[in-house]
Amino acid sequence: MNGRLEGAMTFGPSMDKSNILRLVRDTAWNGFLELNRLAFLEALPRNSESRALSIALRMIKKHYPHIEWVISFADGCQCGDGTIYRAAGFVLIGIKLNKSLLRLPDGSVTHKMTQVTGANRAAHFAKTGSSWSGQGEPLDGYEMRYIYFLNPSARAARLQRNPICGDRAARRRHVSRNCAWQAGDGRDPPAQRRGSGDHHAPV
């Protein structure tokens with residue numbers, strides 16, 4: 001915008017591809033992508049994330065017809081519940097208590113898979129009895145999983161779990177216990193920040 005790069009999205013394979021593949025039955029190994037990162041600056045107009053996502057998804061569908069769906073994750077531990085994904089037509093298919101996002105001693109946040117990856121991960125969990133013994137404390141809150149179906153028939157016939165329906169019901173468990181807003185207190189959740197911080201970036 002005005003000659004400046006104000007945002008970026010990256011698409012690629014999932015780090016845990018073999019497990020993610022099972023979410024939609026009979027998906028080919030190269031039949032899906034993950035939206036790995038989304039970061040937009042405050043200078044961009046309102047709804048820029050949803051608009052850019054819509055354009056990118058149309059481009060993928062046109063140029064890569066073998067891609068049937070796109071998955072991404074919302075970091076509810078830091079007060080983002082995936083507003084931009086729902087606005088762009090993504091389907092919420094999972095909510096889980098966070099055990100993967102860690103706050104390190106220096107205050108930075110990372111995913112535990114960045115510390116133990118590949119063959120080292122299997123060896124680590126075998127050694128520790130499937131428990132985590134790396135650095136960092138898990139953030140307090142939830143992680144959400146969203147899928148966008150470029151091939152609608154994949155959702156209708158092959159999705160292996162039921163979508164979580166109802167915007168307010170879906171958000172009840174999303175917001176971190178550290179946030180000022182708490183589900184069930186009768187108030188609507190706060191508006192989600194539009195910027196590029198971790199509030200709404202994929203994990």
Side-chain angles (χ1 to χ4, degrees), residues 9 11-38 47 49-50 53-54 56-58 60-61 64-101 111-113 130 138-177 179 181-192 198-203:
M9 293 180 288
F11 294 85
S14 293
M15 292 181 70
D16 195 11
K17 190 170 183 178
S18 59
N19 284 326
I20 297 297
L21 192 68
R22 300 188 185 116
L23 293 173
V24 182
R25 180 171 44 82
D26 298 330
T27 299
W29 185 252
N30 65 343
F32 80 100
L33 286 173
E34 180 177 314
L35 172 57
N36 305 118
R37 286 287 173 190
L38 185 154
N47 300 323
E49 294 92 342
S50 297
L53 263 177
S54 178
L57 293 167
R58 288 201 301 269
I60 292 170
K61 184 174 183 178
Y64 305 97
H66 61 282
I67 302 294
E68 296 190 285
W69 47 278
V70 175
I71 191 167
S72 195
F73 300 86
D75 170 11
C77 303
Q78 299 176 89
C79 300
D81 68 354
T83 299
I84 59 169
Y85 295 134
R86 293 193 299 277
F90 281 68
V91 178
L92 177 63
I93 63 161
I95 306 171
K96 70 173 185 177
L97 186 66
N98 171 59
K99 296 181 181 178
S100 302
L101 293 175
H111 194 284
K112 70 180 181 183
M113 289 179 72
S130 299
L139 297 181
D140 187 22
Y142 296 88
E143 295 175 287
M144 281 69 68
R145 179 182 287 166
Y146 286 90
I147 288 183
Y148 184 90
F149 287 92
L150 298 165
N151 176 6
S153 66
R155 173 181 176 179
R158 293 155 43 204
L159 180 61
Q160 296 298 289
R161 56 189 63 196
N162 292 327
I164 300 171
C165 301
D167 188 56
R168 181 172 295 193
R171 282 191 284 181
R172 281 193 314 175
R173 295 175 56 203
H174 293 185
V175 180
S176 166
R177 292 184 289 271
C179 295
W181 176 80
Q182 293 295 309
D185 68 359
R187 295 179 294 148
D188 286 332
Q192 185 164 298
D198 285 332
H199 299 313
H200 61 334
V203 173

Query raised in the report: Hey, does the side chain of E68 reach the backbone of H66 with a donor-acceptor pair shorter than 3.5 angstrom?
Result: no
Which heavy atom of [X] sits nearest to which heavy atom of [Y], and what is that distance?
| X | Y | value |
| --- | --- | --- |
| F90 | S72 | CE2-CB, 4.5 Å |
| A87 | S50 | CB-OG, 3.5 Å |
| L57 | V70 | CD2-CG2, 3.9 Å |

**Report entry** CG/N19: more than 12 non-hydrogen atoms of other groups inside 6.0 Å
**Finding:**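 Enclosed.
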Can you tell me how far apart [atom1] ([X]) and [atom2] ([Y]) are? Round to the nearest 0.5 Å.
| X | Y | atom1 | atom2 | value |
| --- | --- | --- | --- | --- |
| R155 | I147 | CZ | CD1 | 10.0 Å |
| K17 | L33 | NZ | CG | 8.0 Å |
| Y64 | L150 | OH | CG | 13.0 Å |
| I71 | Y85 | CD1 | OH | 10.5 Å |
| S14 | F32 | OG | CZ | 4.0 Å |
| L38 | L53 | CG | CG | 5.5 Å |

Query raised in the report: For the side chain to side chain contact (heavy atoms under 4.5 Å, CB included) test, which of F73, Y146, F11 pairs with L35?
Result: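 Going through F73, Y146, F11 one by one, the side chain to side chain contact (heavy atoms under 4.5 Å, CB included) with L35 is satisfied by F11 alone.
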Report task. Would you mind reporting whether L92 and R86 have side-chain heavy atoms less than 4.5 Å apart? Result -> no
Query raised in the report: Would you say R145 and I20 make side-chain contact, with heavy atoms under 4.5 Å?
Result: yes
